[in-house]
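FYI, side chains are in, hydrogens and waters are out, and symmetry mates aren't considered; it's all heavy atoms of this structure. Given the structure is predicted, the values throughout are model-derived calculations rather than measurements.
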Amino acid sequence: MDRQAEEAARATEPPPPEAGAMPSRWRGRWARGLCWVLVAAMFTWVLVDFSQRRGRLIAPPDFDDVVYMSDGMRRLRLFEQGGTWALLRDYAAVETHAPLSSALAFFGFLLLGPHDWAPYAMNGLLALGLLLGVDALMRGRPFEQKLAAGLFALSVPLTGQAICEFRPDIACGLVTAAGVCILFADDWVAASWKRHAAGGAVMGLALVCKPTTSLMTAALLGVSLVAVAARDRMLDSYRWQARRAFVATLRALAAAALVSLPYFAVNAGHVLAYIHMVFFQDLPARGGVQPPLLEQANYYLGGFGGRRMLGWHLVLWGVVGIGALVCAVKFKRTRDAQRAAAFAVPVVFTYGVVSFVGVRNHFFGLAFHGLLLASVLMTVRWLWLLHESRGGQRWQRRVALVVLVGLGFLASHFPPRLGRPSYPEIQSRNVAARQVHDALREARADERVALTFTGYVNTTLLGYMDLKEGRPARTYEDGGLSADPGTFGPMLDRAVWVVASEAGNENLLASMPSTRIAGETLALVRARSEFELVSEIALPSGKRFFVFRRKAGSKPEDANR
């Protein structure tokens, strides 16, 4: 009888895996990974197509996108000529402003060709990274809940802009949030060295995603390490040891240093100089003033920055947070509330930094927005777990996830529209960039080109257009930050070619000081007898650009003097 029972039990056992077969848990991971790849690809395709019809891709690349696109294109041309060693030598010799964006542009042009849309298509890797992060954040939950959380994350406006904007800010915000989540996942002090290293390494990657905010990211890393160690001390005081907390912190800091050191060893001077320029030169030159305290504090929530990146999701997130707070009080989930309070420390710290430094740029607050998104996803996961632990029905959780995704997409919106290709201002931008570049086609690589303005036609865009055509980028110079006509004399002395504009040109940026004196600088060039007019470019609005060339026999001054 015992033998019969054993045989019957053996008959019901699943057959052993064949030799070389993949374990079921790995099959599940590969299936989920493939699903995330497909979702990210569709999401990227929809937004790149939108951008080509209504967004940034209907006009020449604008700031700050063109800066990173130009750097990626320059490195591609260098790679084509000299190979990998040439790239490495260039990395050591030339400052890299944002290595992640430059790398995405480089590989986009390398794999997809020299098209303006190629770097934006590579932004699909950011969408994929977000989905994989959501998968990890929702660990232990059924795939249907992971999929709902992933779709909800994609519905947040900032993720759409992660595709349609080519700049490092959104990637930095998401990577920063991922790093903080790794630090705060489960117990920290008692975790393995692998998790200590992983948390530090991801925060190190955040440091180099956007190096110009690295001071804030480094401070956030320090605050997070203190907060998570204090949380473990509070929740597990009997087993907590200061020595283990110190070792865990040291491992994380060492991993962050190892990841970021190759960049900062070469570029630390450039990063510090850029931070000084933005806060102590550029902003004052633009007339920047410190806004009222409450207005600035609201900027990244209900103000312009919050509306642009979060939209109505902020209201939805508030409802989720209030619901979680009510549940925590009603069911006396004290330890869960303490964990949430500890995670709130880096969230509040980041909010304080981005709110009170006086920068009114919606991209500057993306670390805060990324942490808010992570907080909401962790709260949703906790609510589902609480409902399950209290015997709630599965169909109720399924209804909740459908409602979550539905409300997410009802609250979502496409990135800001630039217009249509037929709009006069878009036609003007396209005509201006193309014809100014064509008018400079005879300029040699060793002949300096001066622009008396900056705007939608600018030195970086013209250099990028040179590189797209496979020719070396010429040396360009502009006087965009000067409103004093007297400062343009030395620039004109060095130039062989000069591009000027009449006043009122819609392609000039109103925020630039040089725009206010466009008519005066044009008159200044015309008054210089060594220059002759070679091209006059009429725009659809009737405004004009003028291209001048130094006359034969007139030599420019040495640019090094």
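Listed for the Asn430 side chain is a donor-acceptor partner under 3.5 Å among the backbone atoms of Ile426. Looking only at distances, no side-chain donor or acceptor of Gln435 sits under 3.5 Å from a matching main-chain atom of Ala432. In this structure a side-chain-to-backbone donor-acceptor pair under 3.5 Å is present from Thr159 to Val156. Side chain of Ser102 to main chain of Pro99: no donor-acceptor pair is present (N/O by atom type, distance under 3.5 Å, no hydrogens or angles). Distance alone, capped at 3.5 Å, places no donor-acceptor pair between the Gln161 side chain and the Pro415 backbone. A distance-only check finds no donor-acceptor pair linking the side chain of Asn267 to the backbone of Phe264 [under 3.5 Å]. Of the possible polar contacts, none joining the Glu520 side chain to the Pro485 backbone as a donor-acceptor pair under 3.5 Å is found. Not one N or O on the side chain of Asn123 forms a donor-acceptor pair closer than 3.5 Å with the backbone of Leu126.
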* **Residues Phe79, Phe106; criterion ring-ring contact (aromatic ring centres under 6.0 Å, His included); working and verdict** => CA-CA 10 Å; Phe79 176 70; Phe106 170 79; 5.7 Å; yes

* Using the side-chain contact (heavy atoms from CB on, under 4.5 Å) rule, take Leu377 and Phe152 through it: C-alpha gap first, then chi angles, then the decisive distance, then the call. => CA-CA 9 Å; Leu377 292 174; Phe152 178 76; 4.1 Å; yes

* Going through the distances and angles, do Thr96 and Arg75 end up as a side chain to side chain donor-acceptor pair (under 3.5 Å)? -> CA-CA 11 Å; Thr96 305; Arg75 295 176 193 274; 3.0 Å; yes

* Before giving the answer on side-chain contact (heavy atoms from CB on, under 4.5 Å), spell out for Arg441 and Arg471 the whole-Å C-alpha distance, their side-chain angles and the decisive distance to 0.1 Å. => CA-CA 10 Å; Arg441 195 165 295 277; Arg471 61 184 299 169; 3.8 Å; yes

* To do: List the steps and the verdict of side-chain contact (heavy atoms from CB on, under 4.5 Å) for Glu425 and Arg429.
  => CA-CA 6 Å; Glu425 58 268 27; Arg429 288 176 59 174; 5.7 Å; no

* **Trp312/Ser412 under side-chain contact (heavy atoms from CB on, under 4.5 Å): CA gap, chis, key distance, verdict** => CA-CA 7 Å; Trp312 285 102; Ser412 68; over 6 Å; no

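With contacts defined as side-chain heavy-atom distances shorter than 4.5 Å, the pair Asp478/Thr452 does not qualify. You'll find the side chain of Pro416 reaches within 4.5 Å of the side chain of Arg308, heavy atoms only. In this structure, Leu301 and Tyr351 have side chains that are in contact, with non-hydrogen atoms separated by less than 4.5 Å. Between Phe363 and Leu366, the closest side-chain pair of non-hydrogen atoms falls below 4.5 Å. Within the 4.5 Å cutoff, the side chain of Leu372 has heavy atoms near those of the Val347 side chain. Side-chain contact between Leu509 and Tyr456 is present, with heavy atoms from C-beta onward closer than 4.5 Å. For the pair Leu462 and Val449, the minimum side-chain heavy-atom distance is 4.5 Å or more. In this structure, Lys468 and Asp116 have side chains that are in contact, with non-hydrogen atoms separated by less than 4.5 Å.
Scanning both residues, Val175 and Cys209, for their nearest heavy atoms gives CG2-SG, 4.1 Å. Considering every non-hydrogen atom in both Val180 and Pro346, the closest pair reads CG1-CG, 3.9 Å. Here the closest non-hydrogen pair linking Thr44 and Gly124 is OG1-CA, 3.1 Å. In terms of heavy-atom proximity, Pro119 sits nearest to Phe109 at CG-CZ, 3.5 Å. Closest approach of Ile537 to Ala439, counting heavy atoms only: CD1-CB, 4.3 Å. Here the shortest heavy-atom pairing between Asn361 and Tyr300 reads O-OH, 3.1 Å.
In this structure, the separation between CE on Met465 and CG on Leu440 is 10.0 Å, given to the nearest 0.5 Å. To the nearest 0.5 Å, the span separating CG on Leu524 from CZ on Phe531 amounts to 9.5 Å. Glu447 contributes atom CD, which lies 10.5 Å from atom OG1 of Thr475 (distance to the nearest 0.5 angstrom). We find the OG1-CG distance between Thr521 and Leu451 to be 10.5 Å, quoted to the nearest 0.5 Å. Atom CG in Leu57 sits 11.0 Å away from atom CG in Leu47 (nearest 0.5 Å). The CG atom of Leu467 lies 10.0 Å from the CZ atom of Arg474; values are rounded to the nearest 0.5 Å.
Summarising the local packing, CD of Glu536 is surrounded by more than 12 heavy atoms from other residues, nucleotides or ligands at distances under 6.0 Å. Taking a 6.0 Å sphere around CH2 of Trp117, one finds it holds more than 12 heavy atoms contributed by other residues, nucleotides or ligands. Dense packing is recorded around CZ of Phe50, with more than 12 heavy atoms of other residues, nucleotides or ligands lying under 6.0 Å away.
Classification of Glu506 and Lys543 as a salt-bridged pair fails, no side-chain N sitting under 4.0 Å from a carboxylate O. Ion pair Glu165/Arg56 flagged as a salt bridge, since at least one NZ, NE, NH1 or NH2 atom sits closer than 4.0 Å to an Asp/Glu carboxylate oxygen. Arg550 has no carboxylate O lying under 4.0 Å from a charged side-chain N of Asp493, or vice versa, which leaves the two without a salt bridge. The pair Arg74-Asp90 meets the salt-bridge criterion, with a side-chain N (NZ, NE, NH1 or NH2) lying under 4.0 Å from an Asp/Glu carboxylate O.
A side-chain N or O of Tyr476 and one of Asp466 form a donor-acceptor pair less than 3.5 Å apart. Side-chain contact check for Thr487 and Ser482: at least one donor-acceptor pair (N or O, by modelled atom type) lies under 3.5 Å. Between Ser428 and Asn507, the side chains place a donor N or O and an acceptor N or O closer than 3.5 Å (distance only, hydrogens not considered).
Aromatic rings of Phe488 and Phe453 (six-membered ring for Trp) have centroids beyond the 6.0 Å cut-off, not under it.
Classification of the His362-Phe304 ring pair by plane angle, with boundaries at 30° and 60°, yields perpendicular. Using bins of under 30°, 30° to 60° and over 60° for the plane-to-plane angle, the ring pair His313/Trp317 lands in the perpendicular bin.
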Compile the donor-acceptor pairs under 3.5 Å between side chains in residues 166-174 and protein atoms, sequence neighbours left out, one pair per line.
| from | atom 1 | to | atom 2 | distance (Å) |
| --- | --- | --- | --- | --- |
| Arg167 | NE | Asp169 | OD1 | 2.9 |
| Arg167 | NH2 | Asp64 | OD2 | 3.1 |
| Asp169 | OD2 | Lys210 | NZ | 3.3 |

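A cation-pi arrangement, defined by a distance under 6.0 Å to the six-membered ring centre and an angle within 45 degrees of its axis, is present between Arg526 and Phe546.
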